[in-house]
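First the proteins, then the strands, lettered A, B, ... as listed; each starts at 1.
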2 protein chains.
Amino acid sequence: MMKVLIVEDDPLHRSYLHEAVNAALPECDTVIEAENGTVGEKLARDHKSAHIVMDLQMANRNGIEAARTIWKERPETRILFWSNYSDEAYVRGVSRIVPDGAAYGYVLKSASDERLKLALRSIFIESQCVIDREVRGLQQKSLGQTNGFTDSEYEILVDIALGLTDRAIAKRRGLSLRSVQNRLQQLYDKLDVYQSAGDDHEDGRFNLRARAVTVAFLRKLLNYSALERAEAELQEWLEGK
Amino acid sequence: MMKVLIVEDDPLHRSYLHEAVNAALPECDTVIEAENGTVGEKLARDHKSAHIVMDLQMANRNGIEAARTIWKERPETRILFWSNYSDEAYVRGVSRIVPDGAAYGYVLKSASDERLKLALRSIFIESQCVIDREVRGLQQKSLGQTNGFTDSEYEILVDIALGLTDRAIAKRRGLSLRSVQNRLQQLYDKLDVYQSAGDDHEDGRFNLRARAVTVAFLRKLLNYSALERAEAELQEWLEGK
DNA sequence: CGCCGTCTTGCGTAAACCCGCAGCTTGTTG
DNA sequence: CAACAAGCTGCGGGTTTACGCAAGACGGCG
């Protein structure tokens with residue numbers, strides 16, 4: 001006897017998931033559906049859901065936010081994230097909120113039926129983590145040191161993306177002005193902002209700060225949902241003076 | 001006897017569209033499918049497609065690019081855009097490329113079956129433009145003057161989003177440095193960057209330039225695909241010296 | 001312990017940015 | 001034509017960035 005909650009924007013995908021769950025998990029007797037993050041949180045609470053399939057990109061309240069509050073209330077909940085994209089921003093966002101030892105999964109929508117069903121069984125029955133190969137690559141890169149970004153670098157990237165001044169960042173992160181600028185330089189380095197900037201003409205130079213943000217976007221280190229979350233955190237911080 | 005080409009990333013949506021076309025257009029005898037923009041362009045060329053349903057957001061080559069090259073070759077092609085979002089960035093992108101007098105449509109994926117089928121008939125049979133109400137609102141706002149952005153303002157927004165310096169923008173757009181800065185000020189005004197910046201403490205000031213880009217993103221004036229296109233144009237321009 | 005690499009901080013400078021002020025060129029309107 | 005709004009431009013100056021240089025601080029490691 002098992003109950004599964006599906007949180008997914010798109011009706012088509014929702015019914016597809018419903019079918020997939022039925023097919024992969026005969027021991028599951030009830031499937032409930034939510035069409036956005038807010039409703040998802042509520043249903044999870046009401047039903048004390050232990051097994052959730054969650055879309056990441058939703059209009060009303062995105063999957064990461066929803067998962068965070070759900071996990072905060074019941075950390076042993078098993079959540080399978082099912083997403084269109086494997087942006088580093090999402091991967092980073094997810095790994096930041098998963099509780100210690102929790103079973104979760106990350107499967108791309110482009111995966112085959114088989115893969116999805118296998119993931120459903122592995123996570124919900126066997127309590128194993130299942131992370132799509134493609135996503136796994138990013139995860140390694142972002143956590144390891146190879147070519148990836150440190151947390152502090154990522155932090156400052158977000159800060160300039162939000163449009164904070166050096167001084168404001170310094171205050172927020174408890175650093176001196178110069179340290180902030182140091183980190184910025186590291187960031188510029190890693191993002192190859194110079195190469196594209198300098199080229200060799202004095203002509204077409206870039207504004208490093210703005211360019212860094214753009215490059216990060218184009219490389220999917222940042223995306224809309226990451227910005228949205230960061231902006232919310234910023235507002236929160238601003239009110240706490 | 002009619003032939004319809006479907007260009008859509010997601011297999012689920014693709015088959016849904018296929019069914020919808022069959023149901024709405026009995027006079028249509030062949031439906032062909034493409035799973036990304038590149039293939040879509042090729043099939044459109046090979047089949048001399050006159051009726052196309054096109055997704056906007058696709059990984060390989062997005063709908064706007066594809067539509068542009070298709071329309072360049074055969075401007076009387078009828079295209080129905082079918083998109084998840086109604087970001088101003090998309091709306092602006094589409095209206096920029098639609099040829100004079102061409103019949104096209106813009107329907108959101110959240111629309112009902114009925115609406116989709118109606119749109120299919122209106123555009124492909126009656127040669128009428130059908131634009132989703134929600135999208136229409138944006139279009140009006142962006143073309144009209146009410147609260148919307150001038151083309152020149154939008155242009156400069158894109159330029160700073162790309163990370164160009166004032167000087168570079170001036171060169172690119174054939175303006176003086178000061179004029180560029182004037183436009184920036186207008187932009188800052190319209191985006192309300194000051195209000196959120198000034199607040200009243202000297203404390204948490206924003207870097208106006210970076211903040212403007214963020215606000216634009218959060219308001220969906222910009223999105224990934226718009227950035228991508230703009231970046232491509234920029235590179236092109238850089239090479240033409 | 002001394003050596004070394006990484007991180008932080010202050011100082012100083014050149015460049016870029018933000019913007020008020022004022023003169024000019026337009027297109028529009030009575 | 002006069003008048004007026006809207007946009008372009010140069011000038012000047014206050015602020016913010018970007019970054020080299022150099023002096024500590026901290027943590028391994030032989």
Quiz prompt | Length of the line joining B:Gln186:CD and C:dC18:P, which is rounded to integer Å | solution = 14 Å
Quiz item: Of all residues at least two apart in sequence or in a different chain, which pass the ring pair (Phe, Tyr, Trp, His ring centres under 6.0 Å) check with A:Tyr106?
Solution: none
Quiz prompt | Separation of C:dT8 C1' from A:Ile169 CD1 (nearest whole Å) | solution = 16 Å
Quiz item: On DNA chain D, nearest-nucleotide positions of B:Gln181 versus B:Gly174: which is more 5'?
Solution: B:Gly174
Quiz prompt | Contacting residues from residues 155-163 of chain A, given that a heavy atom lies under 4.0 angstrom of DNA chain C | solution = none
Practice problem: Describe the nucleic acid contact of B:Leu184 in one word from base, sugar-phosphate, nothing, applying a heavy-atom distance below 4.0 Å. | Solution: sugar-phosphate
Practice problem: Look at A:Asp151 together with A:Arg92 and state whether they make a salt bridge at an N to O cut-off of under 4.0 Å. | Solution: yes
Exercise. Using a 4.0 Å heavy-atom cut-off across all strands, classify A:Arg183 as base, sugar-phosphate, or nothing.
Key: sugar-phosphate
Exercise. Nearest whole angstrom, please: distance from the P of C:dT9 to the CG of A:Asn182.
Key: 9 Å
Quiz prompt | 5'-most by nearest nucleotide on DNA chain C - B:Gln185 or A:Ser179 | solution = A:Ser179
Quick one: which protein N/O atoms are closer than 3.5 Å to N/O atoms of nucleotides 13-16 of chain C? Pair and distance per line, please.
{"from": "C:dA16", "atom 1": "OP2", "to": "B:Arg167", "atom 2": "NH2", "distance (Å)": "2.8"}

Self-check item: Set of residues satisfying side-chain contact (heavy atoms from CB on, under 4.5 Å) with respect to B:Ser179, sequence neighbours excluded
Solution: B:Leu175, B:Ser176
Quiz prompt | Carboxylate-amine/guanidinium proximity below 4.0 Å for B:Glu231 and A:Arg211 | solution = yes
Quiz prompt | Greater than 12 external heavy atoms within 6.0 Å of B:Glu134's CD | solution = no
Practice problem: Compare side-chain N and O positions of A:Ser176 against OP1 and OP2 of C:dT8 and report whether any pair is under 4.0 Å apart. | Solution: no
Practice problem: State whether B:Glu153 and B:Lys190 are salt-bridged, where the test is any N-O pair (Lys NZ or Arg NE/NH1/NH2 against Asp/Glu carboxylate O) under 4.0 Å. | Solution: yes
Quiz item: Within the structure shown, what part of the strands sits under 4.0 Å from B:Leu175 by heavy-atom distance: base, sugar-phosphate, or nothing?
Solution: sugar-phosphate
Quiz item: Between B:Phe217 and A:Phe217, does the ring centroid distance fall short of 6.0 Å?
Solution: yes
Practice problem: Could you tell me whether B:Arg173 and B:Glu155 have a side-chain N and a carboxylate O separated by less than 4.0 Å? | Solution: yes
Quiz prompt | A:Tyr104: partners by ring pair (Phe, Tyr, Trp, His ring centres under 6.0 Å), with sequence neighbours left out | solution = none
Quiz prompt | DNA chain D: 5'-most and 3'-most nucleotides touching chain B, 4.0 angstrom heavy-atom criterion | solution = D:dC8 to D:dT17
Self-check item: Ion pair B:Lys109/A:Asp10, N-O distance below 4.0 Å
Solution: no
Quiz item: Can you tell me if A:Asn223 uses its side chain to pair, donor with acceptor, with the backbone of A:Ala226 under 3.5 Å?
Solution: yes
Quiz item: Per the atom types in the model, does the base of C:dG20 pair as donor or acceptor with the side chain of B:Arg178 at under 3.5 Å?
Solution: yes
